[in-house]
There are 2 protein chains.
Amino acid sequence: MNGTLEAEQLDALFMALGDRTRRDIVARLSAGEATVKELAERYDMSMQAVSQHIQVLERSGLVSRGRHRQTRPCRLEPGRLEAAASWIEQSRRVWAERMDQLEARLAHLQDGEGR
Amino acid sequence: MNGTLEAEQLDALFMALGDRTRRDIVARLSAGEATVKELAERYDMSMQAVSQHIQVLERSGLVSRGRHRQTRPCRLEPGRLEAAASWIEQSRRVWAERMDQLEARLAHLQDGEGR
DNA sequence: TGCTTTATCAAGCGTCAACTTGAGTAAGCA
DNA sequence: TGCTTACTCAAGTTGACGCTTGATAAAGCA
């Protein structure tokens, strides 16, 4: 389990995080489970709208749902957050390595050893 | 400069990363600058299409463009990648803290000290 | 058994995103 | 001066997104 996903899954993941309401739901769920009704009240939004947001989050793998009486409590699946962070780190690392090399070559030149 | 952005900027940022071509452009630019034409050849795509992707990335703050002869070389601005990573880390941290607390309470109960 | 609560399904509406084509601009070259 | 290269602008098409309304399902309660 190294957090690496297919392009389609990354599409769904970053697309899900591209909506402010869904990002807030993720942040809210990081502190514990919540029901559709609770989220609808929190965002002053219809339950249908929240339900659709949850479905997007579920498709992205960020959220899963259980069953408890009439409710469908939503909980965060942090594995996908790790996958997103992992993708970002990959590009940041490549960039940082290149910058280090550029710096080293610049220092080399300033030592008067450039051709 | 702590990498924290407004909701609108995060919308643009994650939305920009929600497209596979744009993610690949970001990964490509992490290894160095590229022109619109080079990217169009790489993805077998019209220059207009690439130009529009670059505009999206520019609006998100992930990419900036210079001028060199007839070309507009694109380069990565890693600050926004850090901002995205930072947002993700925030939720992951909250979740991890809660998990630690739940574990501690479970251990407590198993020691026979539960109410 | 009906009534309420919680949530989903389905259809429709307005907006925006991704790409296309065609035209236009700006820089370098012959 | 024309011609090519690299790129952008503008308009149009197609499809997806976010939300709404109305109907429906499933569980608990009186």
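Chain A is the first sequence line, chain B the second, and so forth, proteins listed ahead of strands; every chain is numbered from 1.
Residue B:His68 places none of its side-chain N or O atoms closer than 4.0 Å to OP1 or OP2 of D:dA6. Distances shorter than 4.0 Å separate none of the side-chain N or O atoms of A:Ser46 from OP1 or OP2 on D:dC19.
When each of A:Thr21 and B:Lys37 is assigned the nucleotide of DNA chain D bearing its nearest heavy atom, the one mapping closer to the 5' terminus is B:Lys37.
Within the structure, side chain to side chain donor-acceptor pair (under 3.5 Å) pairs that include any residue of residues 48-57 of chain B comprise B:Arg22-B:His53 (at least two apart or interchain).
In terms of heavy atoms, B:Gly61 sits closest to B:Glu77 at O-CB, 3.4 Å. Residues B:Cys74 and B:Leu29 come closest through the heavy atom pair O-CD2, 3.5 Å. Smallest separation of non-hydrogen atoms from B:Val36 and B:Met47: CG1-O, 3.8 Å.
Of the options A:Arg75, A:Arg65, A:Arg28, a salt bridge (Lys or Arg N to Asp or Glu O under 4.0 Å) to A:Glu33 is made by A:Arg75 and by none of the others.
Two residues are said to be in side-chain contact when any heavy atoms from C-beta on lie closer than 4.5 Å; A:Trp87 and A:Leu13 fail this criterion. Between A:Leu81 and A:Leu76, some side-chain heavy-atom pair lies under the 4.5 Å cut-off. Taking 4.5 Å as the limit, every side-chain heavy atom of B:Arg92 sits out of range of all side-chain heavy atoms of A:Ser30.
Comparing D:dA6, D:dC9, D:dG28 by their closest approach to the side chain of A:Arg69 singles out D:dG28.
Between A:Glu38 and A:Arg42 there is no salt bridge, since no side-chain N of the basic residue sits under 4.0 Å from a carboxylate O of the acidic one.
Atoms CG (A:Leu57) and C1' (D:dG18) sit 13 Å apart, rounded to a whole Å. Distance, B:Gln70 CD to D:dA6 P: 7 Å, rounded to whole Å. Atom CD1 in A:Ile54 sits about 12 Å away from atom P in D:dC19, given to the nearest Å. Note: CD (B:Gln48) to P (D:dC7) measures 12 Å, nearest angstrom.
Nucleic acid contact class of A:Gln55 (heavy atoms, under 4.0 Å, all strands): sugar-phosphate only. Contacts of A:Thr35 with the nucleic acid, taken as non-hydrogen atoms under 4.0 Å apart, involve only primed sugar atoms and P, OP1 or OP2.
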Do nucleotides 11-17 of chain D as a string where each nucleotide becomes B, S or -: B if the base has a protein heavy atom under 4.0 Å, S if just the sugar-phosphate does, - if no protein is that close.
-> ------S
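Between chain A and DNA chain C, the heavy-atom contact criterion of under 4.0 Å yields a 5' to 3' nucleotide range of C:dT6 to C:dC9.
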